[in-house]
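All heavy atoms count here, side chains included; hydrogens, waters and symmetry mates do not. Keep in mind the model is a prediction, meaning the values are calculated, not measured.
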Amino acid sequence: MKAYVFPGQGAQFTGMGKDLYDSSPKAKEMFERANDILGFDITKIMFEGTSDELKETKVTQPAIFLHSTILAEVMGDAFKPDMVAGHSLGEISALVANRTIAFDDGLKLVYKRALAMQKACESTPSTMAAVLGLEDSTVEAICADQDGIVVAANYNCPGQLVISGEIDAVGRACEALTEAGARRALVLPVGGAFHSPLMEPAREELAAAIKETVFTAPACPIYQNVSTFAVTDPKEIQENLIFQLTAPVKWTQSIQNMIADGATEFIEVGPGNVLQGLMRKIDRNVTASKAEIS
(Lines give C-alpha, C1' and ligand atoms only; values in the text may rest on other atoms or scores of the structure.)
Protein backbone atom coordinates (compact mmCIF):
# COMPACT_ATOMS: atom_id res chain seq x y z
CA MET A 1 0.00 0.00 0.00
CA LYS A 2 1.17 3.52 -0.82
CA ALA A 3 1.38 6.16 1.91
CA TYR A 4 1.97 9.79 0.97
CA VAL A 5 3.54 12.06 3.61
CA PHE A 6 3.77 15.85 3.67
CA PRO A 7 6.57 17.90 5.29
CA GLY A 8 6.30 20.74 7.79
CA GLN A 9 8.21 23.91 8.57
CA GLY A 10 11.95 23.74 7.91
CA ALA A 11 11.76 22.10 4.47
CA GLN A 12 11.75 25.40 2.54
CA PHE A 13 14.45 26.48 0.08
CA THR A 14 14.95 29.33 -2.39
CA GLY A 15 13.50 28.42 -5.78
CA MET A 16 10.95 25.99 -4.35
CA GLY A 17 8.05 25.31 -6.69
CA LYS A 18 9.51 27.13 -9.71
CA ASP A 19 9.86 23.90 -11.69
CA LEU A 20 6.15 23.23 -11.14
CA TYR A 21 5.20 26.79 -12.13
CA ASP A 22 7.26 26.64 -15.32
CA SER A 23 6.22 23.16 -16.45
CA SER A 24 2.51 22.98 -15.64
CA PRO A 25 -0.29 25.41 -16.63
CA LYS A 26 -2.39 23.94 -13.79
CA ALA A 27 0.37 24.67 -11.28
CA LYS A 28 0.81 28.20 -12.63
CA GLU A 29 -2.92 28.86 -12.25
CA MET A 30 -2.90 27.57 -8.65
CA PHE A 31 0.17 29.64 -7.70
CA GLU A 32 -1.41 32.79 -9.19
CA ARG A 33 -4.63 32.07 -7.31
CA ALA A 34 -2.61 31.75 -4.12
CA ASN A 35 -1.09 35.21 -4.67
CA ASP A 36 -4.63 36.62 -4.94
CA ILE A 37 -5.90 34.80 -1.85
CA LEU A 38 -2.93 35.85 0.31
CA GLY A 39 -2.82 39.40 -0.99
CA PHE A 40 0.92 39.35 -1.66
CA ASP A 41 3.28 37.81 -4.22
CA ILE A 42 4.32 34.65 -2.41
CA THR A 43 5.56 33.07 -5.63
CA LYS A 44 8.20 35.82 -6.00
CA ILE A 45 9.49 35.08 -2.47
CA MET A 46 9.42 31.31 -3.10
CA PHE A 47 11.26 31.56 -6.41
CA GLU A 48 13.66 34.46 -5.71
CA GLY A 49 13.58 35.25 -1.97
CA THR A 50 16.49 34.96 0.44
CA SER A 51 16.62 32.22 3.07
CA ASP A 52 15.84 34.88 5.71
CA GLU A 53 12.70 35.97 3.83
CA LEU A 54 11.61 32.34 3.45
CA LYS A 55 12.20 31.70 7.18
CA GLU A 56 9.42 34.11 8.23
CA THR A 57 6.60 31.92 9.59
CA LYS A 58 3.95 33.84 7.61
CA VAL A 59 5.85 32.98 4.41
CA THR A 60 7.28 29.56 5.28
CA GLN A 61 4.02 27.83 6.13
CA PRO A 62 1.99 28.83 3.04
CA ALA A 63 5.07 28.28 0.82
CA ILE A 64 5.52 24.68 1.96
CA PHE A 65 1.76 24.08 1.77
CA LEU A 66 1.67 25.39 -1.81
CA HIS A 67 4.65 23.33 -2.95
CA SER A 68 3.13 20.15 -1.48
CA THR A 69 -0.49 20.51 -2.55
CA ILE A 70 0.27 21.78 -6.05
CA LEU A 71 2.75 18.95 -6.61
CA ALA A 72 0.10 16.41 -5.54
CA GLU A 73 -2.41 18.05 -7.90
CA VAL A 74 -0.19 18.10 -10.98
CA MET A 75 0.82 14.46 -10.43
CA GLY A 76 -2.72 13.72 -11.65
CA ASP A 77 -3.56 10.02 -11.89
CA ALA A 78 -0.09 9.12 -10.57
CA PHE A 79 -1.17 10.41 -7.15
CA LYS A 80 -3.09 7.45 -5.72
CA PRO A 81 -2.74 7.36 -1.93
CA ASP A 82 -4.04 4.51 0.19
CA MET A 83 -3.32 6.67 3.25
CA VAL A 84 -1.76 10.06 4.07
CA ALA A 85 -0.09 11.89 6.95
CA GLY A 86 1.52 15.29 7.41
CA HIS A 87 4.14 16.51 9.87
CA SER A 88 2.68 19.49 11.79
CA LEU A 89 1.85 22.06 9.07
CA GLY A 90 1.98 19.17 6.57
CA GLU A 91 -1.22 17.79 8.03
CA ILE A 92 -3.22 20.55 6.31
CA SER A 93 -1.42 19.77 3.03
CA ALA A 94 -2.40 16.11 3.48
CA LEU A 95 -6.03 17.08 4.12
CA VAL A 96 -6.16 19.04 0.86
CA ALA A 97 -4.45 16.23 -1.06
CA ASN A 98 -6.94 13.61 0.19
CA ARG A 99 -9.90 15.91 -0.60
CA THR A 100 -11.03 16.59 3.00
CA ILE A 101 -10.50 20.36 2.58
CA ALA A 102 -10.63 22.48 -0.59
CA PHE A 103 -7.34 24.02 -1.76
CA ASP A 104 -8.47 27.64 -1.23
CA ASP A 105 -9.78 26.86 2.27
CA GLY A 106 -6.57 25.01 3.15
CA LEU A 107 -4.42 27.96 2.09
CA LYS A 108 -6.51 30.39 4.14
CA LEU A 109 -6.23 28.10 7.17
CA VAL A 110 -2.46 27.77 6.79
CA TYR A 111 -2.02 31.55 6.58
CA LYS A 112 -4.22 32.13 9.63
CA ARG A 113 -2.27 29.41 11.44
CA ALA A 114 1.04 31.08 10.58
CA LEU A 115 -0.10 34.53 11.74
CA ALA A 116 -1.63 33.15 14.96
CA MET A 117 1.53 31.18 15.77
CA GLN A 118 3.72 34.21 15.06
CA LYS A 119 1.61 36.31 17.43
CA ALA A 120 1.83 33.65 20.17
CA CYS A 121 5.62 33.48 19.72
CA GLU A 122 5.93 37.24 20.15
CA SER A 123 3.87 37.29 23.36
CA THR A 124 6.09 34.82 25.28
CA PRO A 125 9.85 34.33 24.71
CA SER A 126 10.10 30.63 23.92
CA THR A 127 12.05 28.09 21.88
CA MET A 128 12.57 24.44 20.95
CA ALA A 129 15.50 22.02 21.21
CA ALA A 130 16.41 18.75 19.49
CA VAL A 131 17.34 15.87 21.78
CA LEU A 132 19.26 12.92 20.32
CA GLY A 133 20.12 9.55 21.79
CA LEU A 134 17.69 9.15 24.70
CA GLU A 135 14.54 7.10 25.24
CA ASP A 136 11.32 9.11 24.90
CA SER A 137 10.32 8.25 28.48
CA THR A 138 13.61 9.68 29.83
CA VAL A 139 13.11 12.95 27.94
CA GLU A 140 9.50 13.21 29.12
CA ALA A 141 10.49 12.61 32.76
CA ILE A 142 13.28 15.20 32.70
CA CYS A 143 10.99 17.80 31.09
CA ALA A 144 8.33 17.13 33.75
CA ASP A 145 11.00 17.71 36.42
CA GLN A 146 11.82 21.27 35.34
CA ASP A 147 10.39 24.51 36.71
CA GLY A 148 8.43 26.37 34.02
CA ILE A 149 6.92 25.07 30.79
CA VAL A 150 8.90 22.53 28.74
CA VAL A 151 7.31 19.52 27.04
CA ALA A 152 7.99 16.87 24.41
CA ALA A 153 6.78 18.38 21.13
CA ASN A 154 7.91 16.30 18.13
CA TYR A 155 8.40 12.51 18.29
CA ASN A 156 10.33 12.43 15.01
CA CYS A 157 11.91 8.96 15.12
CA PRO A 158 13.36 6.64 17.77
CA GLY A 159 16.14 8.53 19.56
CA GLN A 160 15.14 11.94 18.13
CA LEU A 161 12.69 14.04 20.09
CA VAL A 162 12.17 17.82 19.99
CA ILE A 163 11.22 19.63 23.21
CA SER A 164 9.41 22.95 23.37
CA GLY A 165 8.73 25.63 25.97
CA GLU A 166 9.93 28.73 27.80
CA ILE A 167 13.54 29.69 26.98
CA ASP A 168 14.89 29.22 30.52
CA ALA A 169 13.04 25.94 31.07
CA VAL A 170 14.28 24.53 27.74
CA GLY A 171 17.84 25.59 28.63
CA ARG A 172 17.68 23.83 32.02
CA ALA A 173 16.15 20.74 30.42
CA CYS A 174 18.98 20.61 27.85
CA GLU A 175 21.57 20.66 30.65
CA ALA A 176 19.76 17.87 32.52
CA LEU A 177 19.32 15.82 29.33
CA THR A 178 23.02 16.10 28.51
CA GLU A 179 23.86 14.95 32.03
CA ALA A 180 21.48 12.02 31.53
CA GLY A 181 23.47 10.88 28.48
CA ALA A 182 21.88 12.63 25.50
CA ARG A 183 24.18 12.57 22.47
CA ARG A 184 23.00 16.10 21.75
CA ALA A 185 20.55 18.57 23.28
CA LEU A 186 20.64 21.50 20.91
CA VAL A 187 18.47 24.64 20.99
CA LEU A 188 16.97 25.21 17.52
CA PRO A 189 16.82 28.52 15.60
CA VAL A 190 13.02 28.81 15.78
CA GLY A 191 10.79 31.70 16.78
CA GLY A 192 8.78 29.99 19.48
CA ALA A 193 7.50 26.96 21.34
CA PHE A 194 5.41 25.17 18.72
CA HIS A 195 3.28 22.22 19.88
CA SER A 196 3.35 23.28 23.52
CA PRO A 197 0.85 24.90 25.93
CA LEU A 198 2.36 28.29 24.96
CA MET A 199 0.51 27.95 21.62
CA GLU A 200 -2.88 28.06 23.38
CA PRO A 201 -3.70 31.62 22.15
CA ALA A 202 -2.97 30.48 18.58
CA ARG A 203 -5.06 27.33 19.04
CA GLU A 204 -8.06 29.37 20.21
CA GLU A 205 -7.70 31.76 17.28
CA LEU A 206 -7.33 28.97 14.73
CA ALA A 207 -10.14 26.87 16.23
CA ALA A 208 -12.71 29.44 15.08
CA ALA A 209 -11.37 29.32 11.50
CA ILE A 210 -11.26 25.51 11.48
CA LYS A 211 -14.87 25.31 12.68
CA GLU A 212 -15.95 27.59 9.82
CA THR A 213 -14.15 25.44 7.22
CA VAL A 214 -16.02 22.71 5.33
CA PHE A 215 -14.60 19.21 6.00
CA THR A 216 -15.81 16.41 3.73
CA ALA A 217 -15.29 12.63 3.70
CA PRO A 218 -11.68 12.02 2.60
CA ALA A 219 -10.59 9.96 -0.40
CA CYS A 220 -8.41 7.88 1.95
CA PRO A 221 -7.62 7.76 5.70
CA ILE A 222 -5.35 10.31 7.34
CA TYR A 223 -3.11 9.45 10.29
CA GLN A 224 -3.16 12.63 12.34
CA ASN A 225 -0.43 14.00 14.63
CA VAL A 226 -2.73 14.02 17.66
CA SER A 227 -4.40 10.59 17.36
CA THR A 228 -1.81 8.61 15.26
CA PHE A 229 -4.48 6.19 13.96
CA ALA A 230 -6.43 6.11 10.68
CA VAL A 231 -9.24 8.68 10.65
CA THR A 232 -11.94 9.10 8.01
CA ASP A 233 -14.73 10.88 9.93
CA PRO A 234 -14.71 14.59 8.93
CA LYS A 235 -15.84 15.74 12.39
CA GLU A 236 -13.09 13.76 14.12
CA ILE A 237 -10.50 15.07 11.65
CA GLN A 238 -11.65 18.63 12.39
CA GLU A 239 -11.40 18.14 16.17
CA ASN A 240 -7.91 16.61 15.93
CA LEU A 241 -6.73 19.52 13.80
CA ILE A 242 -7.93 22.02 16.40
CA PHE A 243 -5.85 20.38 19.13
CA GLN A 244 -2.76 19.93 16.96
CA LEU A 245 -1.12 23.28 17.80
CA THR A 246 -0.79 22.60 21.53
CA ALA A 247 -0.34 18.80 21.31
CA PRO A 248 2.85 16.94 20.35
CA VAL A 249 3.48 15.72 16.81
CA LYS A 250 3.47 11.93 17.26
CA TRP A 251 5.22 11.20 13.97
CA THR A 252 7.01 7.99 15.00
CA GLN A 253 3.76 6.50 16.30
CA SER A 254 1.78 7.59 13.19
CA ILE A 255 4.28 5.99 10.81
CA GLN A 256 4.41 2.78 12.87
CA ASN A 257 0.60 2.58 12.74
CA MET A 258 0.59 3.15 8.97
CA ILE A 259 3.08 0.29 8.56
CA ALA A 260 0.99 -1.93 10.85
CA ASP A 261 -2.02 -1.16 8.63
CA GLY A 262 -0.21 -2.27 5.48
CA ALA A 263 1.89 0.65 4.19
CA THR A 264 4.99 -0.62 2.38
CA GLU A 265 5.90 2.41 0.28
CA PHE A 266 6.18 5.98 1.57
CA ILE A 267 6.33 8.94 -0.83
CA GLU A 268 7.24 12.42 0.40
CA VAL A 269 5.25 15.18 -1.31
CA GLY A 270 6.80 18.64 -1.05
CA PRO A 271 10.14 20.39 -0.58
CA GLY A 272 13.16 18.68 0.99
CA ASN A 273 13.68 15.08 2.05
CA VAL A 274 13.49 15.28 5.86
CA LEU A 275 10.63 12.78 6.14
CA GLN A 276 12.46 10.20 4.00
CA GLY A 277 15.37 10.39 6.42
CA LEU A 278 13.09 9.93 9.43
CA MET A 279 11.36 7.01 7.72
CA ARG A 280 14.58 5.04 7.43
CA LYS A 281 15.20 5.52 11.15
CA ILE A 282 11.67 4.39 12.05
CA ASP A 283 11.68 1.25 9.86
CA ARG A 284 14.38 0.30 7.34
CA ASN A 285 12.15 -2.34 5.74
CA VAL A 286 9.85 0.13 3.98
CA THR A 287 10.80 2.10 0.88
CA ALA A 288 10.88 5.90 1.02
CA SER A 289 11.06 8.11 -2.06
CA LYS A 290 10.31 11.57 -3.40
CA ALA A 291 7.17 12.51 -5.34
CA GLU A 292 7.94 13.76 -8.83
CA ILE A 293 6.00 14.95 -11.85
CA SER A 294 6.44 12.82 -14.94
| request: Work out which heavy atom in Trp251 is nearest to a heavy atom in Ile282; give both atom names and the distance. | output: CD1-CD1, 4.2 Å

| message | What I want to find out is whether Lys28 reaches Glu32 closely enough, with some N-O distance under 4.0 Å, to be called a salt bridge. | response | no

| Among Thr228, Val231, Asn257, which residue meets the side chain to side chain contact (heavy atoms under 4.5 Å, CB included) test with Tyr223? | Asn257

| task | Tell me whether Leu275 is reachable from Val110 by hopping between hydrophobic residues (I, L, V, M, F, W, Y) whose side-chain heavy atoms are closer than 4.5 Å. | result | no

Hey, can you pull the donor-acceptor pairs under 3.5 Å for the side chains in residues 73-80, sequence neighbours left out?
{"from": "Glu73", "atom 1": "OE1", "to": "Arg99", "atom 2": "NH1", "distance (Å)": "3.3"}
{"from": "Glu73", "atom 1": "OE1", "to": "Arg99", "atom 2": "NH2", "distance (Å)": "3.4"}

Ignoring hydrogens and angles, write down the donor-acceptor pairs under 3.5 Å from the side chains of residues 197-206, residues two or more places apart or on other chains.
{"from": "Glu200", "atom 1": "OE1", "to": "Arg203", "atom 2": "NE", "distance (Å)": "3.1"}
{"from": "Glu200", "atom 1": "OE2", "to": "Arg203", "atom 2": "NE", "distance (Å)": "3.3"}
{"from": "Glu200", "atom 1": "OE2", "to": "Arg203", "atom 2": "NH2", "distance (Å)": "2.8"}
{"from": "Glu205", "atom 1": "OE1", "to": "Lys119", "atom 2": "NZ", "distance (Å)": "3.2"}

| field | For Asn273 against Lys290, the heavy-atom pair lying closest together | value | N-NZ, 4.5 Å

| field | Nearest non-hydrogen partners of Leu241 and Leu109, listed with the distance | value | CD2-CD1, 4.5 Å

| Got a sec, which pairs hit side-chain hydrogen bond (donor to acceptor under 3.5 Å, both in side chains) with one end in residues 158-180, sequence neighbours left out? | Asn156-Gln160

| note | Smallest heavy-atom separation, Asn154 atom then His195 atom, equals OD1-CD2, 3.8 Å

| query | Looking only at heavy atoms, what is the nearest atom pair of Ile163 and Cys174, with distance? | reply | CD1-SG, 4.5 Å

Please list every donor-acceptor pair under 3.5 Å in which a side-chain atom of residues 62-70 meets a protein atom from a residue at least two apart or in another chain.
{"from": "Ser68", "atom 1": "OG", "to": "Ile64", "atom 2": "O", "distance (Å)": "3.1"}
{"from": "Ser68", "atom 1": "OG", "to": "Val269", "atom 2": "O", "distance (Å)": "3.0"}
{"from": "Thr69", "atom 1": "OG1", "to": "Phe65", "atom 2": "O", "distance (Å)": "2.8"}

| Reported CG-to-CD1 distance for the pair Asp105 and Ile210, which is rounded to 0.5 angstrom | 12.0 Å

| Salt bridge check: are Asp104 and Lys108 linked by an N-O gap of less than 4.0 Å? | no

| task | Any chance you could lay out the side chain to side chain contact (heavy atoms under 4.5 Å, CB included) test for Met258 and Phe266, step after step, and finish with the verdict? | result | CA-CA 10 Å; Met258 294 171 95; Phe266 285 82; 4.0 Å; yes

| task | With sequence neighbours excluded, tell me which residues meet side chain to side chain donor-acceptor pair (under 3.5 Å) with Thr43. | result | Asn35, Asp41

| field | Heavy-atom closest contact (Ser227 atom, Asn240 atom, distance) | value | OG-ND2, 3.7 Å

| message | Taking the basic N atoms (NZ, or NE/NH1/NH2) and the acidic carboxylate oxygens, is any pair closer than 4.0 Å for Lys55 and Asp52? | response | yes

Can you list, pair by pair, the side-chain donor-acceptor contacts under 3.5 Å of residues 129-153, counting residues two or more places apart and other chains?
{"from": "Glu140", "atom 1": "OE2", "to": "Tyr155", "atom 2": "OH", "distance (Å)": "2.5"}
{"from": "Gln146", "atom 1": "NE2", "to": "Ile142", "atom 2": "O", "distance (Å)": "2.9"}

